[in-house]
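Below is one structure, written out as structure tokens; comments come after it.
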Amino acid sequence: MESIMGGYSRYTAEEIHENLLVNKWKSNDNHFKLLPTQVDRDTHKALVNSDDIQHNKSNIKQAYDFFKKKIINTEIELRELKSLVSNRLSLVSIVLASDDNPYLVFESLNAKGRPLTQADLIRNFFFMRIPTEMHEEVFQIHWKPMQDFFGDSLTEYIRHYLMRKGKFVRKNDVYIDLKKLVTQENAINQIEQLYRFSNYYKCIISPEFEENIDVRNAITRLNELEAKTTYPFLLYAFSLYKDNQLSSSNLVAVIKVIENYLIRRFVCNIPTNELNKIFPSLVLKVEGFEQNELLEELKATLQNRGYPKDQEFVEKLTTSKLYGAGDRARKTKFMLVSIEESYKHKEKVNYDNLTVEHIMPQTLTDSWKITLGEDWDEIHDAHLHVIGNLTLTAYNSEMSNESFQKKTKHLSNSHLEINKGFKSLQTWGHDEIKARTRKLVDKCLEIWSYFGSKENEIKDVKGTSPRLLLLKQKRYVNRLH
């Protein structure tokens, strides 16, 4: 503190330091009268000790520099400033009742400041229940790695962590729900478990951290579908995998079933608003099953939760406007890439620089209208965004609204299997689009084949799946014999 006082009284500076900032005869953390949360703690100690921290960019260092500049540039007496801060600055401690929402309380008190996240509340709640002498160790080993990696997404991770047991948790109830799990006695065990599962979650949102290449590839594909609603169930499945209760091949199979389910629903335009409740509830359906039974139970449950059969899937693929705004363009590219990958190229194809191209363009020129005939407007409206009129290319800007003949010159140079058929065509219209659509639909049926069965085509009975009832009956009969 003395370093910022300029020509002010050395006596007053020492008085402030020894009476207000430190406990002179105490050591370690007890030496400091006030300690902020761990993320700012080292900076705070260095500032109080007048250590050199010129390159520190923490918020507390920036605040220190701000007030240092103000103090240096003011004519106020140090003793007067000290009196103002000591006597006029109030510190308030707010004790909440069990039914109070601390998130809302803080928002009302801090309306003009940076909102306190639920993860901040959770951190404070944990460390209030962990012995002081263990704070630094627990923070550095368990909390700080999560905070550094997830950043602003830490609350979302904790929400999915809570939902991994099958309960739906609202975004604003994360802190309230976690409080119910943590006690003075189990706080350390709970934060250790939260940290352990964070490493599983890290592999889900950033598959490069997963060592098994098959699992890594399966999760990477699923993430391309923006499938965050699946994360609570995936976190449950990943914990089984990491605990050697689910093999890597079975985990991959589980992920592929989920991808299949999402793709078929997307094609058939089934609303996604129920997915955030469907996937957590799956945990309760499959919990307790052995590996192979878990996979079959997953299929049996999902087939009765808005999973399109082949007839609907084919009909929608043939006629629906697959390509569109929002995430439709990304999911359409995913499907076209999957079709191309199904040909199993020996050479790796870089799909990053490829975009979705409409063969019959989105804006028709006069020459295109002549090519399509007198029903050009109906053909254009019916077939523009169907899968048969879409392909992948790196020449999207060059092809634009060009004629089919000019487009085929670019497509003829393509190494993609889905573009090889264009070279033999002289024109592009209703019949050609329908023919290519049928071909690509057959490929989609191969890649995302129907995983349901007639045996399980019944509604759940009081929350229990048909397979579970059947298996319970079999086990009961076996016990009788």
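The basis for the numbers below is simple: all heavy atoms, side chains too, and nothing from hydrogens, waters or symmetry mates. Just so we're clear, the structure is a prediction, and the values are computed from it rather than from any experiment.
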Test: Lys277 cationic atom under 6.0 Å from Phe168 six-membered ring centre, within 45° of axis | yes
Identify, with sequence neighbours excluded, every residue that meets ring-ring contact (aromatic ring centres under 6.0 Å, His included) alongside Phe149.
-> Phe209
Residues that Asp431 engages under side chain to side chain contact (heavy atoms under 4.5 Å, CB included), provided they are two or more places apart | none
Would Phe150 and Tyr201 count as a close aromatic pair, with their ring centres under 6.0 Å?
-> yes
Evaluate the side chain to side chain contact (heavy atoms under 4.5 Å, CB included) criterion for residues Gln190 and Leu181: first the C-alpha distance (whole Å), next the side-chain angles of each, then the deciding distance (0.1 Å), finally the verdict.
-> CA-CA 8 Å; Gln190 287 288 343; Leu181 300 177; 4.3 Å; yes
For residues 256-273, which side-chain N or O atoms pair as donor and acceptor with protein atoms under 3.5 Å away, sequence neighbours left out?
from	atom 1	to	atom 2	distance (Å)
Glu259	OE1	Arg221	NE	3.0
Glu259	OE2	Arg221	NH2	2.7
Glu259	OE2	Trp448	NE1	2.8
Asn260	OD1	Tyr307	OH	2.8
Asn260	ND2	Ser449	O	2.8
Tyr261	OH	Arg265	NH1	3.2
Tyr261	OH	Arg305	O	2.3
Arg264	NE	Trp448	O	2.9
Arg264	NH1	Pro308	O	3.0
Arg264	NH1	Asp310	OD1	3.1
Arg264	NH2	Asp310	OD1	2.7
Arg264	NH2	Trp448	O	2.9
Arg265	NH1	Arg305	O	3.0
Arg265	NH1	Gly306	O	3.3
Arg265	NH2	Pro271	O	2.8
Asn269	OD1	Arg328	NH1	3.2

For Tyr161, is the NZ or CZ atom of Arg164 found under 6.0 angstrom from the centre of its six-membered ring and inside 45 degrees of the ring axis?
-> yes
Salt bridge between Asp120 and Arg123, side-chain N to carboxylate O under 4.0 Å?
-> yes
Basic-acidic side-chain contact under 4.0 Å: Lys333, Glu224 | no
Indicate yes or no: does Glu446 engage Lys443 in a salt bridge with an N to O separation below 4.0 Å.
-> yes
Is Lys167 salt-bridged to Asp177, going by a charged N under 4.0 Å from an acidic O?
-> yes
Under 3.5 Å, is there a donor-acceptor pair between the side chain of Ser239 and the main chain of Tyr236?
-> yes
Electrostatic pair Lys309:Glu312 at N-O distance under 4.0 angstrom | no
Among side-chain atoms of Trp143 and Gln147, is any donor-acceptor pair under 3.5 angstrom?
-> yes
